[in-house]
Amino acid sequence: MLSIAQEICPKAKAIIAIGNCASDGGLPAAAPNPTGAAGVQDALGSGLAVPVVNLPGCPPNPVNFVGVVANYLLQGTLPSLDADGRPTFAYGKEVHGQCPYREDNARCLFEAGCKGKETFNNCPSIKFNDGTSFPMQVGHPCIGCSEPDFWDTMTPFYRKS
Amino acid sequence: MIERPDEFPSDDRKEENSAHRAKDVIVPAGMLMALSACGGGGGTGSAAGGSSTGNDPATTPTLPTPADGRVTIDPVTRIEGHLRLETEIKDGQVASAWSSGMLFQGIETILKGRNPEDAWLFTQRLCGVCTYVHGETSVRCVENALGITVPSNARVSATS
C-alpha cells in the first residue's frame, strides 16, 4: 500500500484523502497504534510537493468530496483548507452551532457526552444518506469523528468533556 | 465432483501452463470471475473425454487443470480487507490450501484499557460492509462479560 502511494501520489495534481484512515491514520492509528498506521500526508512525509485535501470523518460525507471535485472543475483551484488540511466550506463551523437541538433541553445531548462543541463538520446541515438524517437526529451524541486522533482525544464518548 | 480436462484447450494455454510448472502462479483477481464463469456449463474443457461422474456434462463445472505447483490468488476482492488464498496442486488435485487475512488492524490491542461503553464504536469499524453486525456483537460481548441481563424491549430495539 505504501509503495503504491509513494509511486502514484507524487504524479498527481492533488491528493484527496477520504475518511479518517487516509487523513490521519484513523482507527488503526489509535493508541497504541500497533501497526504504525498513518494518514497519506504523514506517510509520504514533508517532502511531498502535492497538496493533500483531508476529508476526515468516520464516515466522511460524500457531498463534501463532490464539493471538492466540483470546486476544482469549476474554478481550477482547490478549496481553502484549515490547519488540518480540511476544506473550510465543509469543516469551517462547529457541529454544535448548526445543531437544531442546541437550545432544546429535552434533545440536546451535551450531558450525554456529545462532542458537537469540539467538532468541526457540516453533518447537521447536509446530513447523510441524501439528506435523511445525522447522529443527533436519531438521539446519539456526536463522537467527534472528523477531528484528528478523535479515538484518543474524544473518548470516553459517553462522558461529558 | 469436478470434471477436469487433461490439458488446456489451446496450444497457447499449454505453453503458458508449462511455463508455470516450477514456480508459483499468481492469478489476477479478474481470473476468478473467468473461472467461475466456466462453471456454467459448456466451458473450456467440456469436450475433454467421457465423463465418468454420471453428472450432466452441461451443468458440471469444468476448470482448466493447473500444473503441479502453487496457485495464489491475492488479493481476493469484493470483501472488506484483503484475503490471500494459496493452493498447492499435485497431480491435478488440490493437495493443500491456505487462506490469510492480509489486513491486520489491531483493534483488539487498541481496545485494551478503554471504557467498555465505547468498545462497540471501535469494533464496528472492522468492516464498512457488515459494520452493524460487528457493533452488535461487541455490545453483546460487553453485556456478557458484565453479566448484564438485557430486557426484551431493549434487545428488540437494539436489533431493529
Side-chain angles (χ1 to χ4, degrees), chain A residues 1-5 18-39 55-62 65 109 111-115 119 128-129 133 135 138-147 149-161, chain B residues 26 28-29 74-77 79-84 100-143 145-146 148 150-151 153-160:
Chain A
M1 194 83 82
L2 180 59
S3 61
I4 293 173
I18 302 180
N20 282 66
C21 296
S23 297
D24 67 2
L27 174 59
N33 193 352
T35 59
L55 295 178
C58 195
N61 200 313
F65 166 60
L109 296 167
E111 296 292 328
C114 185
K115 304 297 187 286
T119 307
F128 290 88
N129 297 330
S133 187
V138 293
H140 193 280
C142 171
I143 61 172
C145 76
S146 55
E147 295 304 308
D149 304 322
F150 83 99
W151 294 107
D152 295 323
T153 61
M154 299 288 186
T155 47
F157 291 125
Y158 299 102
R159 294 287 183 273
K160 191 168 64 172
S161 54
Chain B
I26 303 293
D74 181 19
V76 176
T77 59
I79 58 167
E80 184 77 4
H82 304 163
L83 187 70
R84 175 188 173 97
S100 319
M102 303 300 287
L103 192 64
F104 174 73
Q105 296 166 297
I107 291 180
E108 298 89 343
T109 307
I110 293 168
L111 276 174
K112 281 183 184 172
R114 293 183 186 264
N115 190 320
E117 285 180 349
D118 294 341
W120 73 282
L121 286 159
F122 286 73
T123 309
Q124 69 172 191
R125 261 76 180 180
L126 271 168
C127 177
V129 180
C130 49
T131 312
Y132 183 79
V133 178
H134 290 290
E136 169 71 11
T137 306
S138 177
V139 168
R140 291 188 186 184
C141 287
V142 171
E143 289 167 350
L146 298 178
I148 296 171
V150 181
N153 281 352
R155 195 181 69 247
V156 170
S157 63
T159 53
S160 60

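Here is how names work: the chains are called A, B, and so on, in the same order as the sequence lines, proteins then strands, and each is numbered from 1.
In summary, B/Arg114 and A/Asp152 engage in a salt bridge, as defined by a charged side-chain N under 4.0 Å from a carboxylate O.
Annotation: maximal heavy-atom pairing with chain B below 4.5 Å, among A/Pro59, A/Pro32, A/Ala37, occurs at A/Pro32.
The CG atom of B/Leu121 sits 13.5 Å away from atom CE of A/Met154, with the distance rounded to the nearest 0.5 Å. Atom CG of residue A/Leu27 and atom CD of residue B/Gln105 lie 6.5 Å apart, to the nearest 0.5 angstrom.
For a residue to count as touching a neighbouring chain, one of its non-hydrogen atoms must lie under 4.5 Å from one of that chain's; by this rule A/Thr155 touches chain B with backbone and side chain alike. For A/Cys58, the parts lying near chain B are the backbone and the side chain together; criterion is any non-hydrogen pair under 4.5 Å. Only the side chain of B/Ile107 comes within less than 4.5 Å of a heavy atom in chain A; its backbone stays farther off.
At distances below 3.5 Å, not a single donor-acceptor pair connects side-chain atoms of B/Asn115 with backbone N or O atoms of A/Pro156. Not a single donor-acceptor pair under 3.5 Å links the side chain of B/Arg125 to the backbone N or O of A/Pro28.
Between B/Phe122 and A/Trp151, the ring planes lie tilted relative to each other; the angle falls in the 30° to 60° range.
Summarising the geometry of B/Gly106 relative to A/Pro34, their closest heavy-atom pair is O-CG, 3.7 Å, with the distance given to 0.1 Å. Contact between A/Tyr158 and B/Asp118 at its shortest, heavy atoms only, is CD1-OD1, 3.6 Å.
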